[in-house]
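A short write-up of the structure that comes next.
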Number of protein chains: 2
Amino acid sequence: MIDVHAVAEDRLRRLGQRYTAQRRALVSMLVSAGQPLSLPEVLQAEAGLKQSSVYRNLAALEQAGVVQRVVTDDGYGRYEPAEDLTGHHHHLVCSRCGKVRDVDLPGSLERTLDRTLDAIAGRAGFAQVSHRLDLVGMCALCAGRAQ
Amino acid sequence: MIDVHAVAEDRLRRLGQRYTAQRRALVSMLVSAGQPLSLPEVLQAEAGLKQSSVYRNLAALEQAGVVQRVVTDDGYGRYEPAEDLTGHHHHLVCSRCGKVRDVDLPGSLERTLDRTLDAIAGRAGFAQVSHRLDLVGMCALCAGRAQ
DNA sequence: CTTCCTGCAAAAGTTTTGCATTAAC
DNA sequence: GTTAATGCAAAACTTTTGCAGGAAG
């Protein structure tokens, strides 16, 4: 188990930035959430956080490679820990309410994907390729509320 | 080869809407683009288009199932023809300039994906699941301009 | 002639920024 | 003490909406 906070602090310091209490709190929140959080969710989760500071801190953490921004179609950007901190995974997105949930794929499928996608990207002249695979559907709750 | 305009007109009419010249132009543009276009790209591609009308028409076309909105992380939403009009495909996204390009996967991989993802989604209580797989990397142009 | 579409301007919603103050090193 | 982070308010940017005039059926 790696020490997320130690890594975060180190990566920020390399950029001349500080690992303040608020940044630590954000990292803790995102790690324990187990799913990407939108700004309103972050603000609601911890009272006293100020909108502009959260945006600035998430941007700083993203630049340092501690968190990454993921984009859904519910208007808000969402943030989650960087992949090398919590491992490669995918998202199950509800097309109705926008809720996102982390899921894993079988290792064999991941390997097949990686091999195939690398080849395709290479043919198109793309470098440093990663993939982003989301399952989009309707969650049980929204399916209940009819169409 | 299906007649995209006939399908578009039919789907709009079912909702009591009209297939106007502007909507036809938008559909033509998106079909021939071969990649999802952002609003600035649409406006630039054809002079005389008005921003609010384009947003409204794309929303109408989306509701009718003629086009779909895809989301990248360059700030703008992008639109492309609905999957049943141009076929299932994926996107190669440049993480630097935001450019998007359509790509296909081998049929065997698509089938494996579908089977596996259906099972995963079912376990999580999700219904009507489709997948969205993007390759994210750096395009040749951006790679040229150094890091 | 009724219903929908268009265009302008204004509003809404998310994210960014300027600036003065406070905290970290 | 110097540099960076914070909070407030204001701005920027994408998208949506109200309303009056015009086009389609």
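First the proteins, then the strands, lettered A, B, ... as listed; each starts at 1.
Checking the phosphate oxygens (OP1, OP2) of C/dC5, no side-chain nitrogen or oxygen of B/N57 falls inside 4.0 Å. Applying the 4.0 Å criterion to OP1 and OP2 of C/dT15, one finds that A/Q51 has every side-chain N and O outside that range. Considering only side-chain N and O atoms, A/Q22 lies under 4.0 angstrom from the phosphate OP1 or OP2 of D/dT6. Applying the 4.0 Å criterion to OP1 and OP2 of C/dT15, one finds that A/Y55 has a side-chain N or O inside that range.
Counting only N and O atoms by type, the side chains of A/Q35 and A/D102 include no donor and acceptor under 3.5 Å apart. Side chains of A/H90 and B/H131: a donor-acceptor N/O pair is absent below 3.5 angstrom, by distance only. Side-chain contact annotation: B/Q68 with B/E83, donor-acceptor N/O pair under 3.5 Å absent. Side-chain contact, B/H89 with B/E110: no donor N or O sits under 3.5 Å from an acceptor N or O.
The base of C/dC4 lies close enough to the side chain of B/R18 for a donor and an acceptor atom to sit less than 3.5 Å apart. Within 3.5 Å, a donor on the side chain of A/S52 pairs with an acceptor on the base of D/dC8, or the reverse.
Between B/R78 and B/E41, at least one side-chain nitrogen of the basic residue sits less than 4.0 Å from a carboxylate oxygen of the acidic one, meeting the salt-bridge criterion.
Nucleotides of DNA chain D nearest to B/R13 and A/Q17 differ in position, and the one nearer the 5' end is that of A/Q17. Along DNA chain C, the nucleotide closest to A/Y79 and the one closest to B/L49 are compared, and the more 5′ of them pairs with B/L49. Nearer to the 5' terminus of DNA chain C, by closest-nucleotide assignment, is the contact made by B/S53 (compared with the other of B/S53 and A/D74).
Among the atoms of the strands shown, base atoms are found under 4.0 Å from some heavy atom of A/R56. Across all strands, A/T20 comes closer than 4.0 Å only to sugar-phosphate atoms, never to a base (heavy-atom distances).
Regarding A/L43, its CG atom lies at a distance of 13 Å from the C1' atom of D/dG7, rounded to whole Å. Atom pair B/E41:CD and D/dT14:P shows a separation of 12 Å (rounding to whole Å applied). Taking atom CG on A/L61 and atom C1' on D/dA5, their separation rounds to 12 Å, with Å as the unit. One atom, CG of A/L26, and another, C1' of D/dT6, lie 13 Å apart when rounded to the nearest Å.
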